[in-house]
Novice: 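Sharing a structure here in structure tokens format.
Side chains are part of it too, since the values below use all heavy atoms of this structure and drop only hydrogens, waters and symmetry mates. The chains referred to below are lettered A, B, ... by the order of the sequence lines, with proteins before strands, and numbering in each begins at 1.
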2 protein chains.
Amino acid sequence: MTMLDKSHKHVNCQTCGARKTSLFANNCENDVALVDEQKSCAFYKKNQPLFIENSFPRGVFCLNQGKVKIFARGDEGKEQIIHIAKEGEIIGFRAMFSGEPYKVSASTLEECNICFIGKEDFLNMIETNATLRNGIMKELSKELGDRAIFITNMAQKSVRERLAFALLILGDVYDKEEINLTREDLANFVGTATETLIRLLKDFKEEGIIEIHTRKLEIINKDKLLHLAGK
Amino acid sequence: MTMLDKSHKHVNCQTCGARKTSLFANNCENDVALVDEQKSCAFYKKNQPLFIENSFPRGVFCLNQGKVKIFARGDEGKEQIIHIAKEGEIIGFRAMFSGEPYKVSASTLEECNICFIGKEDFLNMIETNATLRNGIMKELSKELGDRAIFITNMAQKSVRERLAFALLILGDVYDKEEINLTREDLANFVGTATETLIRLLKDFKEEGIIEIHTRKLEIINKDKLLHLAGK
DNA sequence: AGTAAAAAATGATATTAATCAGCTTTAAAA
DNA sequence: TTTTAAAGCTGATTAATATCATTTTTTACT
């Protein structure tokens with residue numbers, strides 16, 4: 001039990017449920033065993049930070065269970081959510097290579113199980129394991145492409161269109177579950193004011209696109225969303 | 001002389017002016033000689049495309065001289081400029097690793113000298129030359145961080161603030177030269193309507209922040225811009 | 001140099017979305 | 001279980017910026 005109230009349980013890489021979808025997926029048993037030795041795992045409560053903007057990275061986080069928001073803060077401290085990570089994702093590896101401090105913060109959105117791999121160990125693996133390295137490079141590249149689209153959406157789409165787009169992304173992130181975010185977080189993902197977001201959610205509900213179960217959202221007409229988002 | 005009107009001159013890597021600032025900078029003479037063999041160089045006129053969105057990459061471009069805009073198109077075909085590359089930059093390497101088609105287009109903003117290195121050759125070098133590879137990974141990572149900030153700016157800053165921010169970036173890109181972009185391109189970089197941009201430029205001029213020499217812009221009060229951009 | 005086309009600039013108007021203020025419901029804590 | 005706080009919601013108003021229409025200037029072409 002640490003000061004941050006994380007209870008350290010052991011999560012075994014060989015049997016980790018996230019492994020099949022993770023970047024570590026294609027590594028041979030040998031390497032997985034190696035990761036297993038080097039990592040430390042922890043249970044995180046809701047709304048706990050993994051790292052914050054402008055600090056220097058000590059390693060990467062492997063999200064075993066739960067959701068984590070990745071966000072930047074604007075000049076007035078308002079959060080802009082860049083990405084919502086789900087189980088299986090590696091978080092914070094960008095700053096391993098850039099030589100810069102973090103440009104974003106990461107914080108849990110719900111209870112999470114997260115493993116930590118130190119910078120040295122991680123970079124060693126990247127250096128020696130070409131498969132893992134290529135996976136990481138592929139991921140960096142994909143995200144870079146996604147962000148070009150994100151920027152274009154922010155610049156050219158209306159809030160309504162962006163909300164549709166955001167809900168489609170969140171539909172994938174939350175998969176079979178219902179989307180479970182505060183209105184404020186959702187607004188900070190879409191890039192709008194909370195009040196505006198609430199009004200639009202109501203519209204979407206009245207148009208039969210979503211159902212609202214207090215704070216949880218259920219998509220009931222994905223086609224309409226796709227059409228609205230302009231795809 | 002090709003159909004695309006590029007006259008093929010030989011540009012020598014060993015003596016290339018861009019080399020000192022390029023990712024290829026730290027490579028030993030051996031590797032530079034290798035690049036020299038594998039590349040083909042061409043002269044590009046203004047407004048020629050290097051590649052377009054959704055097509056598949058055949059290699060990377062090394063910008064020897066000139067400026068190139070990297071942009072995505074929104075649903076209505078409007079360009080959103082993501083980045084303006086200057087001499088020394090390698091263009092289009094993201095798509096080498098992602099396995100996806102290009103998510104952005106690239107087009108010259110002025111007369112350019114550009115070398116091309118085929119995918120096979122490039123990936124070979126990445127695989128065998130750790131220094132180059134690390135440089136590329138660093139670059140991917142830096143850009144990813146920059147884009148998080150870009151997204152946040154688009155979401156939270158006013159057009160006026162974004163213009164200030166854009167001019168600061170362009171001040172670096174154009175270095176000692178004056179900023180030389182059409183109003184439309186500048187608007188598409190800031191993410192606003194051309195008319196709005198023109199009005200704001202006038203304001204900036206009246207406030208003694210910039211000088212307008214027909215289409216070229218000169219920054220005369222960088223401190224004010226820094227303050228306006230919120231840094 | 002003279003003409004056509006593209007880019008830049010201006011004015012008027014419309015629209016979107018932010019802001020402000022107050023109210024209600026839900027969740028958390030004592 | 002009562003109280004308090006946080007989150008969610010609603011309405012009115014304002015401000016920022018897009019859009020549309022037109023004119024002027026600059027650039028490119030013959």
Novice: What donor-acceptor contacts under 3.5 angstrom involve side-chain atoms of residues 212-219 of chain A, with partners at least two apart or in another chain?
Specialist:
unit_1	atom_1	unit_2	atom_2	d
A:His213	ND1	A:Glu178	OE1	3.3
A:His213	ND1	A:Glu178	OE2	2.8
A:His213	NE2	A:Glu211	OE1	3.2
A:Arg215	NH1	A:Asn180	OD1	3.3

Novice: To the nearest 0.5 Å, what is the distance between CZ on B:Arg162 and CG on B:Leu228?
Specialist: 14.0 Å
Novice: Between A:Thr182 and B:Leu200, which residue's closest nucleotide on DNA chain D lies nearer the 5′ terminus?
Specialist: A:Thr182
Novice: Ignoring hydrogens and angles, does a donor from either the side chain of B:Arg199 or the base of D:dT19 sit under 3.5 Å from an acceptor on the other?
Specialist: yes
Novice: Are any of B:Thr192's side-chain N or O atoms less than 4.0 Å away from OP1 or OP2 of D:dT17?
Specialist: no
Novice: Give a yes-or-no answer on whether the side chains of B:His83 and B:Glu89 include a donor-acceptor pair shorter than 3.5 Å.
Specialist: yes
Novice: Report yes if at least one side-chain N or O of B:Arg160 is closer than 4.0 Å to OP1 or OP2 of D:dA16; otherwise report no.
Specialist: no
Novice: Between C:dA18, D:dA18, C:dA9, which nucleotide gets closest to the side-chain atoms of A:Ala193?
Specialist: C:dA18
Novice: Which residue, A:Glu195 or A:Thr214, contacts DNA chain C at a nucleotide closer to its 5' end, judged by nearest heavy atom?
Specialist: A:Glu195
Novice: Could you state the CD1-P distance from B:Ile198 to D:dT24, rounded to the nearest angstrom?
Specialist: 16 Å
Novice: Less than 4.0 Å between a side-chain N and a carboxylate O, is that true for B:Arg94 and B:Glu143?
Specialist: no
Novice: Given C:dA18, is OP1 or OP2 found less than 4.0 Å from the side-chain N or O atoms of A:Thr196?
Specialist: yes
Novice: Rounding to a whole Å, what distance do you find between A:Leu163:CG and C:dT16:P?
Specialist: 16 Å
Novice: Judged by each residue's nearest nucleotide on DNA chain D, which is more toward the 5′ side, A:Arg183 or A:Ala155?
Specialist: A:Arg183
Novice: Whether B:Lys202 contacts C:dA8 is assessed here as follows: a side-chain N or O lying under 4.0 Å from the phosphate OP1 or OP2. Is that the case?
Specialist: no
